[in-house]
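Read through the structure below, which is laid out as structure tokens, and then see the notes.
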Amino acid sequence: MSAEQQAGQGTGLTVIVLAAGGGTRMKSKTMKVLHPIAGRTMIGHVLTAAQALDPRRVVAVVGHQREAVSAHISASFPDVVLAVQEEQLGTGHAVRMAVEAAGASAGTVLVAYGDTPLLSGESLRAFAAEHEAAERAVSILSGIVDDPFGYGRVLRNAEGDVEAIVEEKDASAEQREVREINSGILAFDAGFLTTALPRIGNDNAKGEYYLTDTIAIAREDGLTVGAYPVDDVMQTEGVNDRVQLARMGAELNRRIVERWMREGVTVMDPATTWIDADVVLAGDVTILPGTQLLGATVVGEDAVVGPDTTLKDCEIGPRARVVRTHGELAVIGAEANVGPFSYLRPGTTLGTGGKIGGFVETKNAVIGDGAKVPHLSYVGDAEIGEGTNIGAGTIFANYDGVNKHRTKVGRHARTSSNNTFVAPVEIGDGAATGAGTVVRQDVPPGALAVSAGPQRNIEKWALHKRAGTAQARAAEDALGARRDDDGGVAES
Ligand code: UD1
Ligand code: CA
């Protein structure tokens with residue numbers, strides 16, 4: 001623990017995120033909270049919401065598959081303190097493990113779960129503020145739902161004061177009728193929580209230490225307890241199986257897409273547009289149907305992306321146009337044109353006003369301002385200077401079967417169709433190549449490289465070698481027509 005953490009120990013806001021449970025209904029090798037939604041893990045969403053409150057500390061309680069969960073948290077949220085719960089003895093026990101690991105004995109403690117991907121920092125902040133303003137021992141973020149089955153019910157007395165939470169399995173038939181449920185998000189006065197945790201028993205239907213028993217304990221001690229129904233119940237909804245995973249994923253996407261539209265992005269078809277949580281879009285971006293913007297993709301002002309385009313961790317410049325493209329870790333300059341049917345692999349950089357056209361695959365390729373690779377090409381491990389045009393059907397042969405090599409093409413070069421550049425090779429500034437050239441040696445600046453031999457025509461070959469075929473007849477017809485025109489047989 002750092003000196004700073006030590007100094008602040010016991011004060012401020014602590015957020016505890018519970019993620020020790022197994023999540024067996026996912027039927028997955030992957031731990032439930034590690035399943036992604038909108039480009040982040042479920043627990044990643046919750047920890048991001050927690051960090052938005054700028055808390056003194058965030059503690060994650062891990063148990064099931066704790067190596068994988070801990071590794072993910074340490075990598076993505078290095079400030080989060082990890083607490084281990086060896087056996088899942090209940091939410092009360094889990095919080096006890098967290099408090100013991102972090103030593104939160106004063107201030108406010110917020111408890112949330114790691115499987116509620118829609119939870120927002122604003123909702124958490126508002127709840128914490130309400131709790132602190134009311135100076136309560138415990139506050140419950142509750143929800144009024146149509147089907148409360150499975151949830152802990154919030155029990156109120158005749159005056160409407162909260163008395164306790166009773167779990168589904170322990171509830172009487174009458175208590176089960178209550179539609180105000182415990183979302184699972186609770187706020188505590190840390191001093192009260194520290195004294196209450198050891199007093200929680202496990203004499204209940206599940207034989208677990210219920211964190212929710214702290215409500216009745218507070219009431220016994222004559223302390224104040226309150227429940228705040230949340231408007232947006234989905235924010236506190238957990239994901240237990242893959243049907244819910246898809247449903248929550250679609251809902252989160254709907255919210256993200258709607259937010260961007262309100263920020264000034266045109267989305268032609270929200271239903272077929274997927275935008276990850278960490279994507280950033282500028283004003284007047286247009287997204288056409290069937291487009292997925294994933295990971296840390298950034299799109300500049302007035303750019304048009306789609307239709308049917310997937311971009312992961314890409315940077316698209318202002319006013320660029322990207323049509324029917326699959327891209328990953330690529331940087332596309334302002335006003336550049338990409339697609340249709342382009343495949344941008346990691347390390348692709350296209351300059352301002354450049355072009356990567358139809359059926360072009362690029363990888364580790366730096367293509368300069370105004371440079372163009374318009375048609376049917378593979379550009380791997382290459383550098384192409386500004387203003388250069390690469391002819392249709394050019395292959396940058398970067399792989400000799402053992403090693404990868406680089407090709408460099410200079411500025412304002414004009415290479416012709418159906419070329420092969422056998423790397424390592426360099427084509428100078430202002431150089432040119434003939435059609436079908438296989439470039440094996442460097443081409444000096446301004447030179448024209450040709451490698452194909454002179455063309456030789458073997459006259460009437462089809463008439464002799466393909467006699468009786470449609471090919472031969474077509475040739476005969478054409479030669480006959482020429483004879484009529486010229487009044488003689490064409491010379492051979
Ligand atoms: C819990 C609440 C219930 C609430 C519901 C909301 C209790 C006793 N009950 O019930 O009032 O309505 O959530 O969804 O708190 N966990 C651990 N360690 C454990 C047990 C659980 O880390 O030993 C974690 C789980 O991974 C999960 C969360 O705590 O993220 C909730 O546990 P779960 O067993 O699903 O509680 P519920 O029965 O749903
Ligand atoms: Ca649950």
Side-chain angles (χ1 to χ4, degrees), residues 15-26 31-35 41-43 45-47 50 59-66 69-70 73 82-101 110-119 138-145 147-155 162 164-171 175-176 178-188 193 196-197 200-217 225 227 229-230 233-241 244 248:
V15 184
I16 297 172
V17 177
L18 304 188
T24 48
R25 277 177 285 166
M26 293 296 283
M31 175 70 179
K32 175 165 86 173
V33 296
L34 297 184
H35 277 261
T41 61
M42 285 204 258
I43 196 164
H45 284 284
V46 176
L47 293 173
V59 189
V61 181
V62 297
H64 270 270
Q65 290 195 30
R66 68 168 195 255
V69 180
S70 302
I73 294 173
L82 295 168
V84 176
Q85 185 190 28
E86 296 283 355
E87 258 185 293
Q88 283 65 63
L89 303 178
T91 50
H93 180 258
V95 168
R96 198 171 165 178
M97 296 301 104
V99 169
E100 282 175 11
L110 270 180
V111 176
Y113 300 160
D115 64 353
T116 57
L118 264 56
L119 184 65
V138 195
S139 300
I140 305 159
L141 189 63
S142 66
I144 314 288
V145 296
D147 178 13
F149 179 78
Y151 287 103
R153 310 298 204 280
V154 176
L155 304 182
V162 174
I165 292 175
V166 62
E167 293 302 309
E168 173 79 32
K169 284 196 172 159
D170 302 285
Q175 289 168 336
R176 284 182 184 154
V178 173
R179 287 173 46 234
E180 185 176 8
I181 56 106
N182 167 30
S183 72
I185 296 172
L186 301 174
F188 294 92
L193 181 64
L197 286 173
I200 297 173
N202 65 350
D203 182 15
N204 51 50
K206 280 170 119 179
E208 286 186 357
Y209 296 89
Y210 292 161
L211 182 62
T212 45
D213 282 358
T214 52
I215 313 298
I217 291 171
V225 172
V230 64
V233 183
M234 279 191 106
Q235 282 204 29
T236 62
E237 218 170 287
V239 169
N240 293 304
D241 60 30
Q244 285 173 310
M248 295 292 267

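Numbers here are sequence positions counted from 1. Atoms within each ligand, like the ligands themselves, are counted from 1 in listed order. Everything numeric in this text was worked out from a predicted model, so none of it was measured.
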Taken in chain and number order and not counting sequence neighbours, the residues that satisfy side chain to side chain contact (heavy atoms under 4.5 Å, CB included) with Ala216 are Ala164
Please find the pair of heavy atoms, one from Val62 and one from Ser70, that lie closest to each other, and give the distance. CG2-OG, 3.6 Å
Sub-3.5 Å N/O-N/O distance, Gly21 and ligand 1: yes
Leu89 neighbourhood, listing ligand 1 atoms whose heavy-atom distance to it stays under 4.0 Å: 23 (O)
Lys169 and Asn204: side-chain hydrogen bond (donor to acceptor under 3.5 Å, both in side chains), yes or no, with the steps? CA-CA 9 Å; Lys169 284 196 172 159; Asn204 51 50; over 6 Å; no
Identified side-chain contact (heavy atoms from CB on, under 4.5 Å) counterpart of Tyr113 within the set Thr91, Val46, Ile185: Thr91
Could you tell me whether some N/O pair between Gly184 and ligand 1 is separated by less than 3.5 angstrom? no
Just how far is it from atom CG of Asp213 to atom CG of Asp170, taken to the nearest 0.5 Å? 8.5 Å
Would you say Ser183 contacts ligand 1, with heavy atoms under 4.0 Å as the rule? yes
Arg153 (side chain) donor-acceptor with Arg176 (main chain) under 3.5 angstrom: yes
Mind checking whether Gly90 has an N or O less than 3.5 Å away from an N or O of ligand 1? yes
Just to be sure I read this right, does ligand 1 sit under 4.0 Å from the backbone of Gln85, its side chain, both, or neither, counting only heavy atoms? side chain
Of the backbone atoms (N, CA, C, O) and the side-chain heavy atoms from C-beta on, which set of Ala94 has a member under 4.0 Å from an atom of ligand 1: side chain, backbone, both, or neither? side chain
Hey, does Ile165 come in under 3.5 Å of ligand 1, counting only N/O atoms on both sides? no
Are any side-chain N or O atoms of Ser183 and backbone N or O atoms of Leu141, one a donor and one an acceptor, separated by less than 3.5 Å? yes
Mode of Glu167 contact toward ligand 1 - side chain, backbone, both, neither (heavy atoms, under 4.0 Å): side chain
Heteroatom proximity flag, Tyr113 to ligand 1, N/O under 3.5 Å: yes
Under 3.5 Å: N/O of Asn182 near N/O of ligand 1: yes
A side-chain contact here means heavy atoms from C-beta on lying under 4.5 Å apart; do Thr41 and Val33 qualify? no
What do we get for Thr236 next to ligand 1 when only non-hydrogen atoms under 4.0 Å count, side chain, backbone, both or neither? neither
Distance filter under 4.0 Å to Leu18 heavy atoms, resulting ligand 1 atoms: 22 (O), 24 (C), 29 (O), 30 (O)
Within ligand 1, which atoms have a heavy atom of Ala19 less than 4.0 Å away? 22 (O)
Between Lys206 and ligand 1, which part of the residue brings a heavy atom under 4.0 Å of the ligand: side chain, backbone, both or neither? side chain
What distance do Ile165 atom CD1 and Ile181 atom CD1 have between them, rounded to the nearest 0.5 Å? 9.5 Å
Provide the number and element of each atom of ligand 1 under 4.0 Å from a heavy atom of Thr212. 7 (C), 8 (C), 11 (O), 15 (O)
Would a 4.5 Å heavy-atom cut-off, applied to side chains only, mark Gln85 and Arg66 as touching? no
What do we get for Val61 next to ligand 1 when only non-hydrogen atoms under 4.0 Å count, side chain, backbone, both or neither? neither
Over all atoms of both residues, closest heavy-atom pair of Val239 and Met42: CB-SD, 3.6 Å
Per-atom contacts of ligand 1 with Tyr210, taking only distances under 4.0 Å to non-hydrogen atoms: 8 (C)
